[in-house]
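Taking it in order: structure first as structure tokens, then the write-up.
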Amino acid sequence: MTDAAALPGQPRGGVLTGPATPRAVNVLAPNPSAMTLDGTNTWILAEPDSNLAVVVDPGPLDDGHLRNVVAMAEKSGKRIALTLLTHGHPDHAEGAARFAELTGTRVRALDPALRLGDEGLGAGDVVAVGGLELRVVPTPGHTADSLSFHLPADRAVLTGDTILGRGTTVVAHPDGRLGDYLDSLRRLRSLTVDDGVHTVLPGHGPVLEDAQGAVEFYLAHRAHRLAQVETAVEDGYGTPAEVVAHVYADVDRSLWPAAELSVRAQLDYLEEHGLI
């Protein structure tokens with residue numbers, strides 16, 4: 001058995017649902033799959049002595065899950081005052097409108113199409129509710145609208161799908177752009193170096209105790225895959241499907257369609273930088 005402390009980012013063991021930091025509680029959505037891992041992590045954030053809470057990523061349109069999130073907050077004496085989205089993929093955002101009905105909250109997101117209310121989210125914004133402070137960190141790449149949320153009081157960052165608790169994320173053509181993604185990883189690395197962030201609260205999978213280690217692993221993994229794709233093209237593998245069959249031969253074939261979209265994003269990056 002592999003020691004979790006030896007894995008990239010030092011994933012925390014145990015049950016995913018429940019308290020993760022003094023200000024963050026996870027409610028795991030019942031939507032496990034190869035792409036969503038154990039399911040979507042819906043985060044309830046609040047100051048310990050406040051009766052107001054913020055929810056990040058209500059998750060899929062599953063009424064039982066959405067009501068469970070409300071119940072979990074109420075059980076700890078919290079009223080949900082605001083809903084935030086890390087990005088618009090359905091496993092994170094599809095339930096947001098229904099959740100807003102249940103809680104009477106606004107929904108704030110980068111993408112105007114996902115918002116309920118007048119306020120969006122952008123670089124440098126600070127979200128303050130009941131004494132809780134969240135700083136908005138743009139992290140495009142997985143999607144154009146991807147955001148992370150820096151929780152300074154817990155030295156933590158909520159990363160949506162930009163960094164997962166297990167494995168690596170997909171940067172899928174055409175919305176995903178590898179150059180943007182690499183810049184976002186470097187931006188997150190600066191949080192670990194300059195702002196003391198050590199905990200990753202991901203959109204899927206377990207909490208990571210070594211944020212800097214997780215970012216460095218992701219950067220190294222991307223560099224390795226990119227080099228493999230570049231070499232495959234040089235060796236005559238001419239289509240994305242051919243590159244996938246060659247480079248991703250060790251990956252479950254059910255994930256090859258997603259891998260092909262990732263390869264397209266990598267090919268775009270290589271072309272933009274004059275490498276192929």
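Just so we're clear, the structure is a prediction, and the values are computed from it rather than from any experiment. Atoms considered below: every heavy atom in the structure, side chains included; atoms not considered: hydrogens, waters and symmetry mates.
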Checklist entry - Looking at OG1 of T143 and CG of D161, how far apart are the two atoms once the value is rounded to the nearest 0.5 Å? => result 8.0 Å

Item to check | Pairs touching residues 107-124 that satisfy side-chain hydrogen bond (donor to acceptor under 3.5 Å, both in side chains), sequence neighbours left out | outcome: R106-E119

Checklist entry - Hey, is the main chain of V137 close enough, under 3.5 Å, to the side chain of S148 for a donor-acceptor pair? => result no

Side-chain polar contacts of residues 233-241 - donor-acceptor pairs under 3.5 angstrom, sequence neighbours left out - could you list them?
{"unit_1": "Y237", "atom_1": "OH", "unit_2": "H246", "atom_2": "ND1", "d": "3.3"}
{"unit_1": "T239", "atom_1": "OG1", "unit_2": "E242", "atom_2": "N", "d": "3.1"}

Item to check | Straight-line distance of I276 CD1 to Y269 OH, nearest 0.5 Å | outcome: 12.0 Å

Item to check | Spacing of L267 atom CG and L275 atom CG [to the nearest 0.5 Å] | outcome: 11.5 Å

Next on the checklist: Using the salt bridge (Lys or Arg N to Asp or Glu O under 4.0 Å) criterion, which residues pair with R186? Sequence neighbours excluded.
Outcome noted: D183

Checklist entry - Is the backbone N or O of F99 less than 3.5 Å from a side-chain atom of T103, with the two atoms forming a donor-acceptor pair by type? => result yes

Item to check | R225 side chain to Y248 backbone, donor-acceptor under 3.5 Å | outcome: no

Next on the checklist: Could you walk me through whether V171 and R222 satisfy the side chain to side chain contact (heavy atoms under 4.5 Å, CB included) test, starting with their C-alpha distance in whole Å, then the side-chain angles of each, then the deciding distance to 0.1 Å, before giving a yes or no?
Outcome noted: CA-CA 10 Å; V171 178; R222 285 294 164 191; 3.9 Å; yes

Next on the checklist: Show every salt bridge (charged side-chain N to carboxylate O under 4.0 Å, His left out) that has at least one partner inside residues 260-276, sequence neighbours left out.
Outcome noted: R177-E272, E260-R264

Checklist entry - Does anything in residues 191-220 pair up under salt bridge (charged side-chain N to carboxylate O under 4.0 Å, His left out), and if so which pairs, sequence neighbours excluded? => result R12-E209, R189-E216

Next on the checklist: Could you work out, with side-chain hydrogen bond (donor to acceptor under 3.5 Å, both in side chains) as the rule, every residue matching D180, not counting sequence neighbours?
Outcome noted: none

Checklist entry - With sequence neighbours left out, which residue pairs that include part of residues 62-89 fulfil the salt bridge (charged side-chain N to carboxylate O under 4.0 Å, His left out) condition? => result D63-R67, D63-R98

Checklist entry - Rounded to the nearest 0.5 Å, how far apart are OG1 of T192 and CZ of R155? => result 10.5 Å

Next on the checklist: Assigning hydrophobic clusters by single linkage (Ile, Leu, Val, Met, Phe, Trp, Tyr; side-chain heavy-atom cutoff under 4.5 Å), is W256 placed with V247?
Outcome noted: yes

Checklist entry - Where is the tightest heavy-atom contact between P140 and R187, given as atom of each residue plus distance? => result CD-NH1, 4.1 Å

Checklist outcome for this item: For A96 and P58, the nearest pair of non-hydrogen atoms, with its separation, is CA-CG, 4.0 Å

Checklist entry - With hydrophobic residues grouped by side-chain heavy-atom distances under 4.5 Å, do V263 and L182 end up in a single group? => result yes

Checklist entry - According to the ring pair (Phe, Tyr, Trp, His ring centres under 6.0 Å) rule, which pairs have a member within residues 187-232, sequence neighbours left out? => result H92-H204

Item to check | For L114, the rest of its hydrophobic cluster, which grows through side-chain links under 4.5 angstrom | outcome: L85, V107, L116

Next on the checklist: So which atom in G165 and which in L208 form the shortest heavy-atom distance, rounded to 0.1 Å?
Outcome noted: O-CD2, 3.5 Å

Next on the checklist: Which residues pass the salt bridge (Lys or Arg N to Asp or Glu O under 4.0 Å) test with R253, not counting sequence neighbours?
Outcome noted: none

Next on the checklist: Quick check on side chain to side chain contact (heavy atoms under 4.5 Å, CB included): which of L185, T162, I163, V157 does T139 satisfy it with?
Outcome noted: T162

Next on the checklist: With a 3.5 Å distance limit and no angle check, can you tell me whether D57 reaches the backbone of G160 through a side-chain donor-acceptor pair?
Outcome noted: no

Checklist entry - What distance separates S262 OG from H142 NE2, expressed to the nearest 0.5 Å? => result 11.0 Å

Item to check | Hydrophobic cluster of L82, others only, ordered by chain and residue number, side-chain cut-off 4.5 Å | outcome: W43, L45, L52, V54, V56, L84, L110, L121, V127, V129, L132, L134, V136, L147, F149, L151, L158, L201, V207

Per-pair distances, 0.1 Å, donor-acceptor, side chain in residues 15-31, under 3.5 Å, sequence neighbours excluded:
{"unit_1": "T17", "atom_1": "OG1", "unit_2": "L28", "atom_2": "N", "d": "3.1"}
{"unit_1": "T21", "atom_1": "OG1", "unit_2": "R23", "atom_2": "N", "d": "3.2"}
{"unit_1": "T21", "atom_1": "OG1", "unit_2": "A24", "atom_2": "N", "d": "3.1"}
{"unit_1": "T21", "atom_1": "OG1", "unit_2": "D154", "atom_2": "OD2", "d": "2.4"}
{"unit_1": "R23", "atom_1": "NE", "unit_2": "E47", "atom_2": "OE1", "d": "3.3"}
{"unit_1": "R23", "atom_1": "NE", "unit_2": "E47", "atom_2": "OE2", "d": "2.8"}
{"unit_1": "R23", "atom_1": "NH1", "unit_2": "D154", "atom_2": "OD1", "d": "2.6"}
{"unit_1": "N26", "atom_1": "OD1", "unit_2": "T42", "atom_2": "N", "d": "3.2"}
{"unit_1": "N26", "atom_1": "ND2", "unit_2": "L16", "atom_2": "O", "d": "3.2"}
{"unit_1": "N26", "atom_1": "ND2", "unit_2": "N41", "atom_2": "OD1", "d": "3.0"}
{"unit_1": "N31", "atom_1": "OD1", "unit_2": "T40", "atom_2": "N", "d": "2.9"}
{"unit_1": "N31", "atom_1": "ND2", "unit_2": "T40", "atom_2": "OG1", "d": "3.0"}

Checklist entry - Given R166 and D38, is the side chain to side chain contact (heavy atoms under 4.5 Å, CB included) satisfied, shown in steps? => result CA-CA 10 Å; R166 185 171 66 252; D38 310 272; 3.3 Å; yes

Checklist entry - Can you tell me how far CD of Q266 sits from CG of L178, rounded to the nearest 0.5 angstrom? => result 6.0 Å

